[in-house]
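Proteins come first, then strands; the chains are lettered A, B, ... in the order of their sequence lines, and each starts at number 1.
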2 protein chains.
Amino acid sequence: MQIMSNNNICSIHILRKAKLSNTKIRKSILEFLIQNHGPFSIEEIHQKISNCDSTTVYRCIKKFEKHEIVEKCDFGDNISRYEYKCLEHHHHIMCRSCHKIEIVKYCFVKEMEKILMMQGYKDVSHKLEFFGICQDCQNESG
Amino acid sequence: MQIMSNNNICSIHILRKAKLSNTKIRKSILEFLIQNHGPFSIEEIHQKISNCDSTTVYRCIKKFEKHEIVEKCDFGDNISRYEYKCLEHHHHIMCRSCHKIEIVKYCFVKEMEKILMMQGYKDVSHKLEFFGICQDCQNESG
DNA sequence: TCTAAAAATGCAATCCGATTGTTTTTTTAG
DNA sequence: CTAAAAAAACAATCGGATTGCATTTTTAGA
């Protein structure tokens with residue numbers, strides 16, 4: 001009953017559920033993302049997975065994203081980062097200086113900034129963007 | 001007392017204040033961004049400015065960003081968009097289908113999603129990321 | 001207004017994250 | 001076990017962004 005084999009079973013189940021074929025590389029990526037919160041760049045994921053082309057990581061992650069197994073995060077540096085989409089809604093804070101990423105659990109923006117400053121972060125700011133289907137597009141497809 | 005000349009004066013003042021030299025291209029870009037909310041991609045700005053290399057737009061916008069005259073927005077499509085940094089704090093909503101961008105004035109996330117849905121948007125989601133200087137980096141530079 | 005120094009621009013080249021095409025290999029379903 | 005489908009490797013390419021350098025424009029001081 002090792003953690004590794006649990007995660008292995010877990011990743012197989014996730015792939016099955018999404019009707020994605022169950023390959024070594026996909027399992028490795030998924031296990032890595034389940035065990036480590038991230039979010040991680042493709043480059044970072046690629047380095048952790050042995051004997052695998054980075055293109056394959058790109059394609060796997062795209063598939064995972066499409067099936068909502070992972071979620072993309074943008075920190076405005078033109079590098080996409082991905083994390084395993086766990087149930088709890090949360091956000092992140094990236095240090096402007098060292099780029100370390102930490103989890104933020106609180107959920108109201110202004111309150112969150114205050115709490116982060118109390119946690120020791122300085123010069124806290126945030127980026128928030130919304131996405132949705134606008135009225136025009138709903139009418140077109142309807 | 002035309003709007004154009006007001007904006008012209010305005011853009012000159014902004015450049016002066018930031019100690020940036022006052023060129024035709026910079027004025028054009030700034031006037032365009034003041035008159036139109038955006039946010040706009042470099043490509044979009046470039047198309048609006050006559051006889052100007054896109055590299056110059058990149059460089060001007062970088063300068064403006066550094067001097068906090070414009071602000072970068074990321075919508076996760078690997079295209080940076082910029083808007084004139086007006087005083088009022090606000091966010092945006094981009095249609096997942098047609099990519100139209102609208103302003104969002106409200107400020108509490110969950111409440112905002114509800115209001116947007118009442119405004120006619122469907123499947124509303126959001127991305128929120130924080131930035132700051134972490135404790136470790138503060139200690140290093142101190 | 002003139003002039004030298006500093007800054008901005010245009011153009012070409014390049015960078016780099018991401019994507020695509022094609023062949024080979026692996027996985028799946030029966 | 002086998003044929004069809006999917007994934008992986010590898011090379012090529014895309015495209016937004018950046019950089020280097022020669023030329024032009026702007027600025028600041030006389």
Side-chain angles (χ1 to χ4, degrees), chain A residues 8 11-32 38-67 69-83 94 99, chain B residues 8 11-32 38-67 69-83 94 99:
Chain A
N8 191 37
S11 63
I12 289 171
H13 272 73
I14 292 164
L15 291 170
R16 283 257 172 77
K17 202 177 161 190
K19 287 172 185 163
L20 293 174
S21 42
N22 155 32
T23 70
K24 271 189 182 174
I25 293 172
R26 285 185 177 169
K27 276 186 286 181
S28 299
I29 293 174
L30 210 41
E31 279 162 33
F32 171 68
F40 300 105
S41 66
I42 297 293
E43 174 66 13
E44 287 168 331
I45 298 166
H46 178 229
Q47 282 174 2
K48 297 291 178 178
I49 308 303
S50 50
N51 293 353
C52 163
D53 195 88
S54 67
T55 309
T56 302
V57 181
Y58 276 105
R59 283 199 254 229
C60 286
I61 290 290
K62 263 271 138 72
K63 271 269 157 88
F64 291 171
E65 199 189 358
K66 194 179 167 189
H67 285 83
I69 295 167
V70 302
E71 190 163 8
K72 185 161 99 170
C73 304
D74 273 277
F75 291 90
D77 60 355
N78 297 324
I79 296 171
S80 295
R81 291 178 178 78
Y82 301 86
E83 66 178 1
M94 172 188 270
H99 306 125
Chain B
N8 192 37
S11 62
I12 289 171
H13 272 73
I14 292 164
L15 291 171
R16 283 257 172 76
K17 203 178 159 191
K19 288 174 184 160
L20 294 174
S21 41
N22 154 31
T23 69
K24 272 190 182 173
I25 293 172
R26 284 186 177 168
K27 276 187 285 182
S28 300
I29 294 174
L30 210 40
E31 279 163 34
F32 170 68
F40 300 105
S41 65
I42 298 292
E43 173 67 13
E44 287 167 333
I45 297 166
H46 178 231
Q47 283 173 2
K48 299 289 178 181
I49 309 302
S50 49
N51 294 353
C52 163
D53 195 89
S54 66
T55 309
T56 303
V57 181
Y58 275 105
R59 283 198 258 228
C60 287
I61 290 289
K62 263 271 137 74
K63 272 269 157 88
F64 291 171
E65 197 189 357
K66 194 179 166 187
H67 285 83
I69 295 167
V70 303
E71 190 163 9
K72 185 160 100 169
C73 304
D74 273 276
F75 292 91
D77 60 356
N78 296 324
I79 296 171
S80 295
R81 292 177 177 78
Y82 301 86
E83 66 178 1
M94 172 188 271
H99 305 126

Starting from [atom2] on [N], measure out to [atom1] on [X] and report it in whole angstrom.
| X | N | atom1 | atom2 | result |
| --- | --- | --- | --- | --- |
| A/Leu15 | C/dT28 | CG | C1' | 14 Å |
| A/Arg81 | C/dG17 | CZ | P | 11 Å |
| B/Lys27 | D/dT25 | NZ | P | 14 Å |
| A/Ile79 | D/dG16 | CD1 | C1' | 14 Å |
| B/Ile49 | C/dG10 | CD1 | C1' | 16 Å |
| B/Ile29 | C/dA8 | CD1 | C1' | 11 Å |
| B/Asn51 | C/dC11 | CG | C1' | 15 Å |
| A/Ile25 | C/dT26 | CD1 | P | 10 Å |

Within a strict 4.5 Å, meaning less than it, do heavy atoms of the B/Phe75 and A/Asp74 side chains meet?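 Not touching, per the 4.5 Å side-chain cut-off.
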Are A/Ile69 and A/Leu20 close enough that some pair of their side-chain heavy atoms sits under 4.5 Å apart?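 A side-chain contact under 4.5 Å exists here.
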Would you mind telling me which of [options] lies closest to the side-chain atoms of [X]?
| X | options | answer |
| --- | --- | --- |
| B/Thr23 | D/dT19, C/dT9, C/dA7 | C/dT9 |
| A/Leu20 | C/dA18, D/dT26, D/dA7 | D/dA7 |
| A/Arg59 | C/dT20, C/dA18, C/dC11 | C/dT20 |
| A/Tyr58 | C/dG10, D/dA7, C/dT19 | C/dT19 |
| A/Ser80 | D/dA8, C/dA18, D/dA17 | C/dA18 |

When you measure from the side-chain N and O atoms of [X] to the phosphate of [N], is any distance below 4.0 Å, counting only OP1 and OP2?
| X | N | result |
| --- | --- | --- |
| B/Lys19 | C/dA7 | no |
| A/Thr56 | D/dA9 | yes |
| A/Lys63 | D/dA7 | yes |
| A/Lys24 | C/dT26 | no |

Quick one: are the ring centres of A/Phe40 and A/Phe32 less than 6.0 Å apart? yes
Looking at C/dG30, which nucleotide sits across from it as a Watson-Crick or G-U wobble partner, both distances under 3.5 angstrom, or is there none?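 C/dG30 is paired, partner D/dC1.
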On DNA chain C, more 5' by nearest nucleotide between B/Asn78 and B/Cys60 is B/Cys60
Rounded to the nearest 0.5 Å, what separation is found between the OG atom of B/Ser28 and the CD1 atom of B/Ile45? 12.0 Å
Select base, sugar-phosphate, or nothing to describe what B/Asp77 touches, counting heavy atoms under 4.0 Å on all strands.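 The residue B/Asp77 makes no contact with any strand.
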Pick base, sugar-phosphate or nothing for A/Thr55, based on heavy-atom distances below 4.0 Å to the nucleic acid.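 A/Thr55: base contact, heavy atoms under 4.0 Å.
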Evaluate the side-chain contact (heavy atoms from CB on, under 4.5 Å) criterion for residues A/Phe64 and A/Arg26: first the C-alpha distance (whole Å), next the side-chain angles of each, then the deciding distance (0.1 Å), finally the verdict. CA-CA 9 Å; A/Phe64 291 171; A/Arg26 285 185 177 169; 4.0 Å; yes
Knowing that exactly one of B/Thr55, B/Thr56, B/Val57 qualifies, which makes a side-chain contact (heavy atoms from CB on, under 4.5 Å) with B/Arg59?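 With B/Arg59 as partner, side-chain contact (heavy atoms from CB on, under 4.5 Å) holds for just one option, B/Thr55.
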